[in-house]
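For reference, the structure discussed in these notes is given below.
Model, not experiment: these values are computed from the prediction.
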Amino acid sequence: MKRHPLMWLVLLAALSGCMGKPGPAEQYLRVLGPEPDCARASQPQAGAARMPVLAVRPFKALDALDRQGVMIAEGKVMQASQRWYWEASPGRLVEQSVVRAACGEGLAAAWPVRSTTEASVWVSGLVSDFSVHTREMRVVLSVECQLWDASGGVALGSGTFTAQAPVAALDAGAVAEAGEKALNDVSARIAQWARQSLPAGSKAGK
């Protein structure tokens with residue numbers, strides 16, 4: 001049976017409707033920024049005072065946050081964006097940001113840590129919030145941290161570090177900029193806290 005050309009057009013239109021339109025393109029948000037010059041600097045030469053070492057253990061995240069999809073919070077409701085993605089999971093982002101911030105406090109970062117790692121102090125943590133709050137138009141980052149002595153087994157203290165950065169608009173660029181500011185703020189304060197918590201004999205080098 002020969003079909004009329006008009007019938008083929010109708011069938012194609014129907015199939016297009018069933019398949020639907022393609023979803024929005026995925027966008028990956030860079031929030032780590034460029035590596036600071038001090039992070040690329042090598043250890044002092046032999047005979048010079050060596051910087052205290054901060055060992056950065058893996059940072060975990062709450063189950064709902066342990067993904068690359070940016071969490072969007074509206075009041076008490078959160079959902080993962082189907083379009084915006086961090087360049088890494090929140091835990092990994094905080095780890096890398098603390099590593100970069102360490103040298104600004106005169107610390108040499110050890111990351112990733114191994115069974116043979118030797119350090120003056122160890123840090124670990126849990127990301128309890130890293131989301132875009134649409135009502136308040138801000139990115140909120142909150143990290144619960146623990147410090148450990150040189151052995152890595154004796155707790156020196158704990159603290160929660162929170163930062164909020166305004167979001168100029170609900171678009172990828174503005175969210176990335178706010179996320180970077182919050183991440184830099186929190187990681188700098190964690191590194192400063194680690195420096196201030198060093199045993200007296202470990203503070204040479206700054």
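Across every non-hydrogen atom of N184 and S187, the tightest pair is O-OG, 3.2 Å. Nearest approach of A73 to M78, heavy atoms of both residues: CB-CG, 3.5 Å. Pairing each heavy atom of L65 with each of M71, the nearest pair is CD2-CG, 3.6 Å. When every heavy atom of C103 is checked against every heavy atom of P36, the shortest pair comes out as SG-CG, 4.4 Å. Between L62 and S128, the closest heavy-atom pair is CD1-O, 3.5 Å. Annotation for A182 and A165: closest pair N-CB, 4.2 Å, computed over non-hydrogen atoms.
In this structure, the separation between CG on D129 and CD on Q164 is 9.0 Å, given to the nearest 0.5 Å. With rounding to the nearest 0.5 angstrom, the CD atom of E105 is 12.0 Å from the CD1 atom of I190. From E87, atom CD reaches atom CG of L29 across 8.5 Å, with rounding to the nearest 0.5 Å. The line from OH of Y28 to CD of E26 is 4.5 Å long, rounded to the nearest 0.5 Å. To the nearest 0.5 angstrom, S120 atom OG is 9.0 Å from L54 atom CG. Within the model, atoms SG of C38 and CE of M51 stand 8.0 Å from one another, a figure rounded to the nearest 0.5 Å.
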Between T160 and S142, is a side-chain contact (heavy atoms from CB on, under 4.5 Å) present by the stated rule, with each step listed?
CA-CA 7 Å; T160 299; S142 186; 3.7 Å; yes
Before giving the answer on side-chain contact (heavy atoms from CB on, under 4.5 Å), spell out for L170 and T134 the whole-Å C-alpha distance, their side-chain angles and the decisive distance to 0.1 Å.
CA-CA 8 Å; L170 289 178; T134 57; 4.2 Å; yes
Kindly indicate, with the supporting measurements, whether the criterion side-chain contact (heavy atoms from CB on, under 4.5 Å) is fulfilled by L147 and W122.
CA-CA 6 Å; L147 277 181; W122 297 65; over 6 Å; no
May I have the step-by-step check of side-chain contact (heavy atoms from CB on, under 4.5 Å) for V113 and V56, ending in yes or no?
CA-CA 7 Å; V113 295; V56 182; 5.6 Å; no
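In this structure, P58 and E95 have side chains that are in contact, with non-hydrogen atoms separated by less than 4.5 Å. Between R57 and W111 the shortest side-chain heavy-atom distance does not fall below 4.5 Å. L183 is listed as a side-chain neighbour of L32, based on a closest heavy-atom distance under 4.5 Å. The side-chain heavy atoms of P90 and Q68, taken from C-beta on, include no pair separated by under 4.5 Å. Side-chain contact check for L107 versus L198: some heavy-atom pair is nearer than 4.5 Å.
Both F161 and V139 belong to a common hydrophobic cluster when Ile, Leu, Val, Met, Phe, Trp and Tyr are linked at side-chain heavy-atom distances under 4.5 angstrom. Taking hydrophobic clusters as Ile, Leu, Val, Met, Phe, Trp and Tyr residues chained together by side-chain heavy-atom distances below 4.5 Å, W84 shares a cluster with V127. Taken together through direct or relayed side-chain contacts under 4.5 Å among Ile, Leu, Val, Met, Phe, Trp and Tyr, Y85 and V132 form parts of separate hydrophobic clusters. Hydrophobic cluster membership is shared by L156 and F59, with clusters built from Ile, Leu, Val, Met, Phe, Trp and Tyr side chains linked at under 4.5 angstrom. Clustering ILVMFWY residues whenever any of their side-chain heavy atoms sit less than 4.5 angstrom apart, transitively, puts L93 in the very cluster that holds V123.
The environment of CD in E136 is crowded: more than 12 heavy-atom neighbours from other residues, nucleotides or ligands sit within 6.0 Å. Surrounding CZ of R92 are at most 12 heavy atoms belonging to other residues, nucleotides or ligands under 6.0 Å away.
Using modelled atom types, no side-chain atom of R83 and backbone atom of G69 make a donor-acceptor pair closer than 3.5 Å.
Taking the charged nitrogens against the carboxylate oxygens, D185 and K181 have no contact shorter than 4.0 Å, which rules out a salt bridge.
If you look at F130 and W86, their ring centroids are closer than 6.0 Å.
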